[in-house]
Amino acid sequence: MEALKVLPLVVLQLVFVERSEAVRCFAVFNTTTGECHDELGDVDLDDCCHNPHYGYLTEEGTCQFCGPDVWSPWSSWSLCNTLCDKGVRQRHRTCFGRDMSKCKNIKENIHTEPCNGTCCDVQDWDPWLAWSPCSITCGGVGVRKRQRTCGSPPECVEVCTGPSEETESCASNNACPVHGGWSNWHAWGQCSGTCIDDQRSDAVVPSRVRQRTCSNPTPSKDTVPMGSDCPGDASQRQPCSELPNCQVNGNWGEWLQPGPCSVTCGEGLQLSIRKCDNPTPKYGGEYCKGTSSRSTVCQSPCPVHGLWSGWSNWGDCSSSCHLDSKPATRTRQRFCSNPSPSLNPPGQSCPDQNSQTEICNELPFCPVDGSWGSWSSFSSCPVTCGVGLQESVRKCDSPAPKYGGRQCTGERRVTKTCLTQVHCPVHGVWSEWSEWSKCTYPFGNKQINCKTIGGKQTRNRECIRDHGGSYCSGNKLLETQVCYDVDNCRNLKGTWDGWEPWRYCNKNCGNDSIRFQFRKCKPDYSGYRVTIGRQGDEAHFSGTPKPDCGDTPDGGPKYLREPCHNLPPCPKT
C-alpha cells in the first residue's frame with residue numbers, strides 16, 4: 001500500500017519535465033532604463049526567472065524583466081519637435097514584466113502636450129577660430145585646421161548647417177635640419193710602442209687609437225635650426241696589453257768569493273764567480289758579456305720556465321642582454337710565451353689559468369614575455385537559488401612578464417552557468433489599491449444615489465509574493481469608508497472655481513489631435529452632513545456629480561480646446 005501511494009507523486013513530477021525556450025540570461029535588470037547587465041549565459045527561460053531580479057533578451061532583442069510587472073519612471077520631456085513653430089513634446093514610460101498584465105492603465109505609456117519652438121531668433125555659427133599651426137615645420141606640405149561652434153542653445157543646434165571644422169594644406173619652405181650620424185669605426189691604429197717597459201716606476205702601457213667621423217650624415221649648418229652634432233667621442237683608445245715586456249739587458253755584479261761550481265746545470269764556474277744581476281736580464285734581454293768566473297767552466301743545459309704575456313683585450317659579450325638563468329659574459333686570454341717553457345730539459349709551465357671570464361654588468365636583462373599558467377578549477381556555484389555563474393581563472397605567471405616583456409594575451413577568466421533548479425523567494429509587495437467600489441446602502445437594497453443618505457464603499461489590495469518570500473509589511477488588505485453616492489447627480493448647485501490644468505493631447509501621433517481645459521464647477525455639498533453614522537466617521541463623496549454652476553462669471557466658455565500641431569506620424573500597421 002505504501003508503494004501505491006508514491007505512484008501519483010512520481011507522475012506529477014514527470015509532467016513538469018518539459019522545459020521553456022532558451023534565452024540569454026542577465027543577473028541585473030535596470031527598471032529605469034530597461035537595460036540588461038552582467039550576462040550569465042544561455043539557459044532556459046524558467047531557470048533564468050527563478051530569480052525575480054534577473055532579466056533576459058526576447059527574440060526581438062529587447063530586455064525583459066523576470067520580476068512582477070512594474071512601470072518605469074516617466075522619462076524627461078523631449079525637446080520640442082519643431083525649431084520655430086508650434087509642435088509637441090512627449091514623455092514616455094515602459095511596463096516591464098513577463099506578461100505586463102498587472103501594470104495599471106497599460107495603454108497610458110505616452111503623454112503629449114503642445115510646445116513652441118524657441119529657435120526662431122537664434123544666431124548662427126560663431127566666427128571661425130584661428131587656424132591651428134601647420135602639422136609640419138619644415139620639408140614639404142602638411143595640414144592645418146580651424147573650428148567653429150554653434151552659438152545656439154543645445155536644442156537649436158540644427159539651426160547651424162554646414163561643417164564645424166575645416167582643413168587645408170599648408171606648406172613649409174624651410175629645409176628640415178639634418179642631424180649628424182657616426183660613420184663606422186675605422187680599423188685600430190698601430191700601438192705606440194712595441195713592448196711594455198716594467199722597469200720604470202711610471203711605466204706606461206703602449207696604446208692604440210681608432211677613429212670615426214660625424215659624416216653619416218654630416219649635420220646641416222644651413223638650416224634653421226642647424227642639425228645636431230653626433231653625440232659621443234670621435235675616437236677611442238685602448239691599451240696594447242697583449243704586447244710582451246721589453247727586453248732587459250743584464251749587467252755584472254761584484255765578484256763573489258770562490259766556491260764550488262755555481263750551477264747544477266748550464267755553464268757555471270768554480271772558484272771565484274760574479275753574477276749577472278745588476279740588473280738580471282729579463283724578457284729575452286742580453287746577458288752580461290764576458291765571463292762570470294775566473295776559473296774552469298762547468299756546463300750543462302738549464303730548463304727555461306715559462307712566464308705569462310700580458311692579458312688580451314676583453315672579447316665581445318656572449319649576448320646583448322642577461323637571461324635570468326644565464327647572464328652574459330666576456331673573456332680575455334694570455335699566453336705562456338714570455339718566455340715559453342723549454343722542452344729539453346723541460347721547463348715549468350706558467351701557473352694559474354690562461355683565461356678570465358667576467359659578467360657584462362652594464363647590459364640590461366632580456367625581456368621575459370609572460371605566459372599563462374594552468375586554468376584553476378571552476379568555483380562552486382555562488383547562488384543557492386536561480387542561475388549563477390562559476391568561473392575559472394588563470395594567471396600570467398608561467399613566467400610572469402619581466403624587464404619590459406609582453407603581457408599575456410587572451411582571456412584571464414572563463415565562466416559557465418550553474419542551475420540550482422530552485423526558485424528564489426519573491427518577497428511580498430503590495431499591489432495598487434483597487435478603485436473604490438460603488439457607494440451602497442449597507443442595510444438592504446435602498447437606493448441612495450443623489451440622496452443625503454449615507455452609504456459604504458470598499459477597496460482592496462493584495463500582497464504579491466511567491467516561493468516562500470516574506471509577507472508585505474502591514475496587514476491591511478481592505479479599506480472601508482462611509483460615503484454619499486453623488487455620481488451623475490444634477491440636483492446640486494455649484495460655484496465656478498477657476499480652471500483645471502490643460503489635459504494632454506488626445507492623440508500621440510498623426511493628425512486631428514486636440515487637448516482640452518475645463519472650468520472647475522465646484523459642487524455645493526452644504527446640504528450633506530460632514531459625518532455619517534453613530535461613530536461620526538468623515539463622509540466622502542463617491543462618483544462624479546454634474547452640478548449646475550449657471551453662466552460663467554465672465555460670460556466666457558465653460559471649456560477651451562486647442563489643436564496639437566506637428567505630431568509624429570503614426571507607425572504603419
Side-chain angles (χ1 to χ4, degrees), residues 5-73 92-107 109 377-393 411 413-432 434 460-473 477:
K5 292 180 180 179
V6 174
L7 287 177
L9 177 60
V10 174
V11 173
L12 181 61
Q13 289 177 334
L14 292 177
V15 171
F16 293 96
V17 170
E18 182 180 353
R19 306 297 291 166
S20 59
E21 73 273 16
V23 294
R24 289 175 62 189
C25 186
F26 294 81
V28 176
F29 180 87
N30 188 320
T31 55
T32 298
T33 64
E35 296 176 342
C36 286
H37 301 284
D38 298 352
E39 183 171 358
L40 297 173
D42 293 345
V43 299
D44 287 335
L45 174 58
D46 288 342
D47 287 326
C48 181
C49 287
H50 279 169
N51 191 316
H53 301 291
Y54 285 4
Y56 61 92
L57 281 188
T58 65
E59 292 182 355
E60 293 76 22
T62 59
C63 196
Q64 193 55 276
F65 187 37
C66 284
D69 297 340
V70 61
W71 280 112
S72 71
H92 61 85
R93 63 178 179 172
T94 304
C95 180
F96 299 119
R98 292 187 66 177
D99 57 16
M100 296 181 290
S101 62
K102 290 186 173 59
C103 281
K104 194 173 181 180
N105 300 325
I106 188 64
K107 293 184 178 180
N109 61 348
S377 300
F378 275 97
S379 61
S380 59
C381 195
V383 296
T384 57
C385 63
V387 179
L389 204 62
Q390 297 172 274
E391 70 173 6
S392 173
V393 297
E411 296 295 331
R413 170 179 176 265
V414 293
T415 60
K416 67 177 181 180
T417 55
C418 51
L419 308 177
T420 64
Q421 305 294 329
V422 176
H423 276 282
C424 293
V426 180
H427 300 300
V429 292
W430 288 112
S431 68
E432 294 187 37
S434 67
N460 57 58
R461 62 178 178 175
E462 61 179 325
C463 180
I464 303 172
R465 58 187 285 268
D466 203 357
H467 304 296
S470 59
Y471 199 79
C472 302
S473 60
L477 297 173

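For the single chain, residues carry numbers from 1 onward in sequence order. Fair warning: this is a prediction, and the values are worked out from it, not measured in the lab.
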Expected output: side-chain [X] to main-chain [Y] donor-acceptor under 3.5 Å:
X	Y	value
Glu391	Phe378	no
Thr420	Gly386	yes
Trp71	Asn109	no
Ser72	Arg93	no
Asp44	Asp47	no
Ser392	Val414	no

Look at the aromatic rings of Phe96 and Phe29 and report parallel, tilted or perpendicular, splitting at 30° and 60°. perpendicular

Where does the angle between the aromatic ring planes of Trp430 and Tyr471 fall among parallel (under 30°), tilted (30 to 60°) and perpendicular (over 60°)? perpendicular

Rounded to the nearest 0.5 Å, what separates atom [atom1] in [X] from atom [atom2] in [Y]?
X	Y	atom1	atom2	result
Cys36	Asn30	SG	CG	9.5 Å
Cys49	Gln64	SG	CD	9.0 Å
Cys472	His427	SG	NE2	11.5 Å
Cys95	Lys107	SG	NZ	14.0 Å
Gln390	Thr415	CD	OG1	9.5 Å

Looking only at non-hydrogen atoms, find the nearest pair between [X] and [Y] and report the distance.
X	Y	value
Ser431	Ile464	CB-CD1, 4.0 Å
Cys418	Leu389	SG-N, 4.0 Å
Val43	Leu419	CG1-CD2, 3.9 Å
Thr31	Pro73	O-CD, 3.9 Å
Arg465	Gly428	CB-CA, 3.7 Å

Tyr54/Leu40 under side chain to side chain contact (heavy atoms under 4.5 Å, CB included): CA gap, chis, key distance, verdict: CA-CA 10 Å; Tyr54 285 4; Leu40 297 173; 3.5 Å; yes

Can we say Arg24 and Glu39 salt-bridge, meaning some charged N sits less than 4.0 Å from an Asp/Glu carboxylate O? yes

Assess the side chains of Thr58 and Glu60: does a donor N or O sit below 3.5 Å from an acceptor N or O? yes

For a disulfide (SG to SG under 2.5 Å) check, start with the C-alpha distance between Cys424 and Cys385, then their side-chain angles and the critical distance, and finish with the verdict. CA-CA 5 Å; Cys424 293; Cys385 63; 2.1 Å; yes

Got a sec: does the NE2 of His37 have more than 12 other heavy atoms crowding it under 6.0 Å? yes

Establish, yes or no, whether a centroid distance under 6.0 Å links the rings of Phe26 and Tyr56. no

Evaluate the criterion side chain to side chain contact (heavy atoms under 4.5 Å, CB included) for residue pair Asn460 and Leu477; output intermediate values, then yes/no. CA-CA 6 Å; Asn460 57 58; Leu477 297 173; 5.8 Å; no

